[in-house]
Structure formats: C-alpha cells, structure tokens
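In what follows, a single structure is set out as structure tokens and then discussed.
All values derive from a computational prediction rather than experimental measurement. Below, all heavy atoms of this structure are taken into account, side chains as well, without hydrogens, waters or symmetry copies. Just so we're on the same page: letters track the sequence lines, and every chain starts at 1.
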2 protein chains.
Amino acid sequence: MNTPGRGLHGRVLDTLGPAITAGEYPPGSVLRTDELAQHFEVSRSVMREAVRVLESMHLVESRRRVGVTVRPKSEWNVYDPQVIRWRLAGADRPHQLRSLTVLRSAVEPVAAGLAATHATPEQCAELTECALGMVANSRGHRLQDYLVHDIAFHRVVLTASGNEMFARLGDVVAEVLAGRTHHEVMFEDPDPAAVTLHVQVAEAVREGDRARAERLTREITEGALQELDILAP
Amino acid sequence: MNTPGRGLHGRVLDTLGPAITAGEYPPGSVLRTDELAQHFEVSRSVMREAVRVLESMHLVESRRRVGVTVRPKSEWNVYDPQVIRWRLAGADRPHQLRSLTVLRSAVEPVAAGLAATHATPEQCAELTECALGMVANSRGHRLQDYLVHDIAFHRVVLTASGNEMFARLGDVVAEVLAGRTHHEVMFEDPDPAAVTLHVQVAEAVREGDRARAERLTREITEGALQELDILAP
DNA sequence: ACCCCTAAAAAGTCAGACTTATATGTCACA
DNA sequence: TGTGACATATAAGTCTGACTTTTTAGGGGT
C-alpha cells in the first residue's frame, strides 16, 4: 500500500522520518548532517537532500553553526501524506487516527452536500455501484471486500465535491477506514445502519438533494466518532 | 508576511515553485536538472536539493533517463503551506481563495463547537478580547486593525478546538482573511452582523454551548461563501 | 512482426576542497 | 563587575568533477 523510498535519500527518510514523528528525537534535539551521513552510510549530498525534504515538511530546521534541530510537533506539516503515513505507522497511531476522524467529520458532510450539486452522472453511477458493493459484502465476514467499496465510496464523494482540497483527502480517509478495519477489533460484520446510510447518501447525491446528502453523511461520520469514543452527542 | 528562501536552493524554489503552480510548465513537461542549474546559475547539488523539495510536494517526479516531469495538479500536496502561498501569489489566486473558503466553511464550525468544549479559560479570554477588538475597529475605516483581530479570533478558535489538524489551518485562514481585505474591494466597514456573530461565538464558547458556537460560526462562514458568490443557500 | 542486445542519456552517488554564517568565548576597557 | 568589540572554531552551504546505475530507444538478427 505504501511507496517505498525511491533512491538512497528516500531510504534514509523511510527510517529517519518515522523516528522523528515518533518523537524519538524530542523537539529541540540537534542532529548533525555529517554524523547522520555516517550513521546511514551515505554521502553528505544524499543526506543533505533528505534533510531538505524534512525541512520542507517543517519537521526540522537547518541552521549554520548549529545543526539540524527538530521542530516542535505544533509546527509540522501534519497534512503532508508522508507525515501522516509515518505517524500512522508509529506510536502516534491512535492519536493520529482520532484527529483524522474528527477532520473527516467536518469535511465529509460538506463534501457530500457539494457532490449533490456537482456530481456528474458517471460519478453518481460510481457512487451507487460502490454502495451496492458495500451491501453485497456487508454479511458473512467479507470485511476486506467491504472495505474496498467503502474506501471507493468516500473517495468518489470527495472527488465529486469539485473542491480540490476535499479531493486530496481521499487518501487520508482511505488510511483511516483501512486502519479502523485492520487495527481496531472488527470481527463482526459492519453496522447495517451504516450500510443503509451509504445507500441513502448515494440516492441523495443522485437526486441532487444537497441538504439530505449532508445530513446523512454527518450521521455516518458521527458514527465513526462514536466508535472511537469521541464526543458525547 | 512571507519567509524568503533560505539558502540558494530556497531562492531557486522562490521562482521555480510559483512558475510550476502557475501552470507555466504544463503537466507532463520535462525539465532537466543540468539545464535548470545552468539557467538559475547554481551548482547541480543545489538544484538537486530544490528538485527534491518539489518532489516531496508532489509537484514533480524525477525519473532516471527521463528527467524531472511536472505532475498534474490533481496530485499536488495542496495543503502544503508553501504551495498555498505560491498559488495565492499567482494567477490561480481567485480559484485558490475559493477552495480555501469552502474548506473553512467545513472546518471552522466544527472547530468552534469543539472549542466550546475544550477551550481553556485563557483561550476564552483571548477570544473575547479579539471580539472586542473587532467591535472597536468595526467603524471608521480601520480595516487593518480590524483584520488583525479577525485573524487572531479565528486562529484562537482553531487552536482551542484541541485538534492538531484544525490548529494548523490557522495560517491558511489568515491568508484567506487577509486576501479578502486586501484584494477584494473592501472600502466599506465590515458587516455589523458579522461583527455581532463573532461576539456571540465568543460568548457561546465561554459558556460551553457547543451547538450554538457551531451554528453561529456556520453563519459566519456562510457569509464568507456568499461574498465570493459560492452556493445559493 | 518480434525479441534481444547494445548504446546513449539523464539522474543518482560519491569524495574532497573551499566558503560563509554565526554561536561562543576572550580580552580590554569602563 | 559588567559590557562591548573582536577573534575563533564549528557546522552548514556551495561547487566541481568523476563515476555509477537505470532506463529508454534504436538497430539488427531471426
């Protein structure tokens, strides 16, 4: 599911990125390029490229005569897909999963509402197809097939919203849904009510009913929040 | 307001980044590191670091024997603050301002609702102070001072939500608000109704009234949407 | 028409020397 | 004892040139 690091600098990032996001180097820690290069057994050029990438993610700051200092978490580019993946892969996973689910609960209802207005006929068809796929795999421990359709469903909604910022959250939502299925205990079949809601959202979008699409999607995301014991409604 | 590029590679990015996000090199265009290095009069090492950063933003892809190819807009990391700044500085500005405003309309109400539950007494005080500052500067063409308090207000709300993803949108919202004041025609004093809404949001958060804070903030963001002629409610 | 082999092109990697900014310590002087 | 100017060491920044690796494209043979 992941793209392994291309090139040497990518491999360095594959271990250094997770280490930093996991808090292995606390904020304010100072690293030196030369030492890192020796440690990873790469040339300084390669190491410098890796540091540049970390710097563009605001994970570290590089200053002359000082070194490469780790920035506090509050300054990280937490929307960077790579940062999200690193955090989801580490000890921060539960926390990251929660904040992403809250983000979903804000974005997806609005996106669904917009989709009701903007979706093309093809997208409406895709949506219905996904919903049907969810129904078909909602019983008999077909969790993997269910998940595929669930992810596709939400991705289509976000894309059909016509908003580029929403569309780019498709991967994030995919990670969250996959995380919920795999990591959380999910022996049982999905909640039938949730399945029905997806079908109804597809309906509402197809009929161009903005308010209903938004309201129904809000019910879905509120369910996701409750699963993680977030907020008392 | 902006951080000029640190180091040579930063200066290269300051002109190459905007050029790419402005669509000056259409998707699929192929650049060669050596040529770019010559054009910008820097060494290949510096140019490579710049390319690495662009690559981490998913603006370009670097492949052997091919070169550095520009990726389609749909793959860009549109949440990267630098990418947002580049786009806001170029021809894409109106479009970017619209998509960000829609994002605001999804996120801020939920953030305000959470703030009502999570805000510390200090944050409540800050919020009230900002709202009062807005009131004080709402008449007599004090747009600049009004803007400062407006930005601070929304930043506090996003921070007080307790969600790291929301908190990091503070800069984005600041850009949008500043853009509205400076670029759009804004000779007149701000809408008194909007000012009142901010005061009321501060009240609701202070009283811990989650639903009311959310509803009032939604009114604010809907106003922002209407200013840009987005959606008929 | 198909496959394999060769060659070229561009990114990738490395090593070493040099430059520049800057944090810190030193010393003179008030 | 405190303060300011200055020297020094340090680590990032930059440049250059040589070499390696991957991958595309073309050519030749069946």
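Checking the phosphate oxygens (OP1, OP2) of D:dG13, a side-chain nitrogen or oxygen of A:Ser62 falls inside 4.0 Å.
The neighbour count for B:Gln38 CD, taken as heavy atoms of other residues, nucleotides or ligands under 6.0 Å away, does not exceed 12.
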- Expected string for nucleotides 4-11 of chain D under the B/S/- scheme (protein heavy atoms, under 4.0 Å, primed atoms plus P, OP1, OP2 as sugar-phosphate) is -----BBS

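B:Gln38 places its CD atom 11 Å from the P atom of D:dT16, with the value rounded to the nearest Å. If you measure from atom CZ of A:Phe40 to atom P of C:dG12, you get 19 Å, rounded to the nearest angstrom. The distance from atom CZ of B:Arg52 to atom C1' of C:dT13 is 11 Å, rounded to the nearest whole Å. Between the CZ atom of B:Arg6 and the P atom of C:dT20 there is a distance of 18 Å, rounded to whole Å. As a whole-Å value, the separation of A:Arg48 CZ from D:dC15 P is 11 Å. Summarising the geometry, the separation between CD on A:Glu55 and P on D:dA12 is reported as 11 Å, rounded to the nearest angstrom. Going from atom CE of A:Met47 over to atom P of D:dG13 covers 12 Å, rounded to whole Å. Distance CG (B:Leu8) to C1' (C:dT20): 11 Å, rounded to an integer number of Å.
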- Please test B:Asp92 against B:Lys73 for salt bridge (Lys or Arg N to Asp or Glu O under 4.0 Å), starting from the C-alpha separation and ending with a verdict. CA-CA 12 Å; B:Asp92 222 8; B:Lys73 193 172 163 179; 3.5 Å; yes

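For A:Arg87 and B:Glu164, the salt-bridge test passes: some basic side-chain N is under 4.0 Å from an acidic carboxylate O. For the pair B:Glu49 and B:Arg52, the salt-bridge criterion is not met [side-chain N within less than 4.0 Å of a carboxylate O].
Put simply, the side chain of B:Arg44 and the base of D:dG17 share a donor and an acceptor less than 3.5 Å apart.
Looking at B:His149 and B:His198, their side chains never bring a donor and an acceptor atom within 3.5 Å of each other. Side chains of A:Ser99 and A:Gln96: a donor on one and an acceptor on the other come within 3.5 Å.
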